[in-house]
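See structure below.
Note on naming: letters A, B, ... go to the chains in the order of the sequence lines (proteins, then strands), and numbering restarts at 1 for each one.
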Number of protein chains: 2
Amino acid sequence: MEKLNLNSLRVFATAARHGNFQRAAEMLHISNGAVSQRIKQLEADLGVVLFDRKPRGVALTEKGRTYYSAVQEALSILAVATSDLGQSSRQIRLHIGASSAAKWLMPRMSAFNARFPEISLETEIHDTMLERNLGRNEIALWPARAPVHNSAHHVQCLCELQLVAVCSPDFLRPDWPVDTQALLAFPLLQDAHRRWERLVERTGYDGGHSILNFGRSALALDAAIQSHGVAIAPTFMIEADVRARRLVEIWRNPDPSGEYFFLSWPKQYAHENPLRQTVTWILSEFGIDTAADT
Amino acid sequence: MEKLNLNSLRVFATAARHGNFQRAAEMLHISNGAVSQRIKQLEADLGVVLFDRKPRGVALTEKGRTYYSAVQEALSILAVATSDLGQSSRQIRLHIGASSAAKWLMPRMSAFNARFPEISLETEIHDTMLERNLGRNEIALWPARAPVHNSAHHVQCLCELQLVAVCSPDFLRPDWPVDTQALLAFPLLQDAHRRWERLVERTGYDGGHSILNFGRSALALDAAIQSHGVAIAPTFMIEADVRARRLVEIWRNPDPSGEYFFLSWPKQYAHENPLRQTVTWILSEFGIDTAADT
DNA sequence: CGGCACGAGTAATGCTGCTTTGTCAATTTC
DNA sequence: GAAATTGACAAAGCAGCATTACTCGTGCCG
């Protein structure tokens, strides 16, 4: 331990989490060779084989698994402490996906600032869900099939993701509203979730259909605003654009999506004020009342 | 955090613990310059000043203090997990000082092996008390003025350190036993605790006296065995040599030393068998019965 | 008040480890 | 079953960390 390379442990944890050295290398912004070397060195130092090398990726050995859970816990403590360090108590850090930030948060920012001028909200955009625990004055908003429960956090479901199709008012034809079949004939704008593709598969529709892919939901929606076609997105993301008449809803998915939008915040600091106010505000924006505490 | 050098955190923790970069460098077996650079880099990365530079050493700033406690906790988790990794459940690791190992443990090793042939005892010698928590199958023996309580450990006082003066039987003169004054006239063998020196000061004795210093108690005792003079040591260290007639006790310090010998072991694994057996054995060697559990 | 010891900081040079590039084996796809 | 893909691993050049050998400011002691 005295001479153990701690940076290797971060590499180990990342590789263990993804079960794949290459993916780990990407996450850490280093090369795959570096990961391979680090793990090899670490295993040599510990005198223990941590991974079984499989044809596709790697899997933790029994010892690797027990070690990983400890390493993960330690790194989480460090990450939280490091994140807390620079924070003033008036600063709230909000972890959120790019599209939710653009399409849900941004339209509400000025209202938030007007209501809580003393709180400075720092939004941090993530591609993947935050792996570590939340620190003081941190909040996370994320979509998922089921809540990731964790004894350190409160988790609150904000709404189910109900999918709707939207397009620009300029894009409207006289024959609206359309049925599902007619809908699929238009240029379809989708994001990495490939919701149109899956819908096409499910309905078994096989007329010609053109699909345009975008990296993020927000881009697909912007394309719809510019009359390039019909985008599909959860209701909370289009609300502001619909109210501003940049988009109109033309179809609503009758099936439940099975996905939900969650809010989580650290239990330990739940009573402290800038955090509690921000949580309460987000809940109220989703029509959830927390009348009990003032 | 993503790009934070974790090795720097170990340097930080060590420096924080000792309040001194040079001492930290020694502990880590690196140069003082390296410590200076690491801390500087770490502070730059975090954007936070962790230490106040004092004319003699350094002191943690307010933020440094809160950060240190988290880093310390994380490193302790890693140290314990790492130490547990290679361990088989039949292996007990015993952390102990060099002299206690040589003069208390070694004479009892064969008896222990005869009694518990299935337990393999691995003794690890330390100059300073172990900073981290104990892991699975780890036990620590250490002298101190007061028990260092810790919610993760059981701590049991084994005995008070009672100081006695010993010499070789060959060294004996007809006029034994002697009084304190006469004692101090002989060549005095002492270790880093400088017990003779302090005794001379306390008694105010000012006849000529010659003192030989040894780095460890065990060396002073070996010198006494070879008739070089009179050594001073706690009873538990000389017991075996006295029984073997290599040493005789010629004086006993009437004052209480205020120091005690402690045993500690992890609560979490206290019920597991090789550990429990070893703890019970050590206690019984000090005449402490744990009749309650079998 | 002068010397000395302590301890942090700095600059030039050498070694660990990261990057690049390529190989090889296993697996999927057509 | 040939081609493409995936993913681990290996060898040679390059960057960052450690070492060495200093400087400099501060406090202690005679």
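For the pair B:Asn7 CG and D:dG16 P, the computed distance is 16 Å after rounding to whole Å. Here the C1' atom of nucleotide C:dG7 and the NE2 atom of B:His18 are 15 Å apart, to the nearest Å. Atom CZ in A:Arg10 sits about 15 Å away from atom P in C:dG17, given to the nearest Å. The nearest whole Å value for the distance from the CG atom in B:Leu6 to the C1' atom in C:dG17 is 15 Å. For B:Phe51 and C:dG9, the CZ to P distance is 10 Å, given to the nearest whole Å. Between the P atom of C:dG9 and the CZ atom of B:Arg38 lies a distance of 15 Å, rounded to the nearest Å. In this structure, CG of A:Leu42 is placed 18 Å from P of C:dT16, rounded to the nearest angstrom. Rounded to whole Å, atom C1' of C:dA8 lies 12 Å from atom CD1 of B:Ile39.
In this structure, B:Tyr68 and B:Phe12 have perpendicular ring planes: the angle between them is above 60°, well past the 30° mark. Aromatic ring orientation, A:Phe21 versus A:Phe51: perpendicular (interplanar angle above 60°, classes split at 30° and 60°). Using a 30° and 60° split on the angle between ring planes, B:Phe262 and B:Trp142 fall in the tilted class, from 30° to 60°.
One finds a side-chain N or O of A:Lys40 lying less than 4.0 angstrom from the OP1 or OP2 phosphate oxygen of D:dA10. Residue A:Arg53 has no polar side-chain atom (N or O) positioned under 4.0 Å from OP1 or OP2 of D:dG7.
Between B:Ser36 and A:Asn5, the residue anchored nearer the 5' end of DNA chain C, judged by the nucleotide with its closest heavy atom, is B:Ser36.
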Derivation and outcome, side-chain hydrogen bond (donor to acceptor under 3.5 Å, both in side chains), residues A:Ser8 and A:Gln41: CA-CA 8 Å; A:Ser8 299; A:Gln41 183 63 43; over 6 Å; no
Trace of the side chain to side chain contact (heavy atoms under 4.5 Å, CB included) decision for B:Glu259 with B:Leu163: CA-CA 10 Å; B:Glu259 283 187 285; B:Leu163 297 176; over 6 Å; no
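Between the side chain of A:Thr14 and the backbone N or O of A:Arg10 there is at least one donor-acceptor pair closer than 3.5 Å. Judged by distance alone, with hydrogens and angles left aside, the side-chain atoms of B:Ser99 form no donor-acceptor pair with the main-chain N or O of B:Arg216 at under 3.5 Å.
Among the atoms of the strands shown, none is found under 4.0 Å from any heavy atom of A:Gln41. Counting non-hydrogen atoms under 4.0 angstrom, A:Val35 reaches nothing in the nucleic acid. Within 4.0 Å of B:Gly57, counting heavy atoms only, lie sugar-phosphate atoms of the nucleic acid but no base atom.
A heavy atom closer than 4.0 Å to some atom of DNA chain D occurs in B:His29, B:Ile30, B:Ser31, these being the qualifying members of residues 19-32 of chain B.
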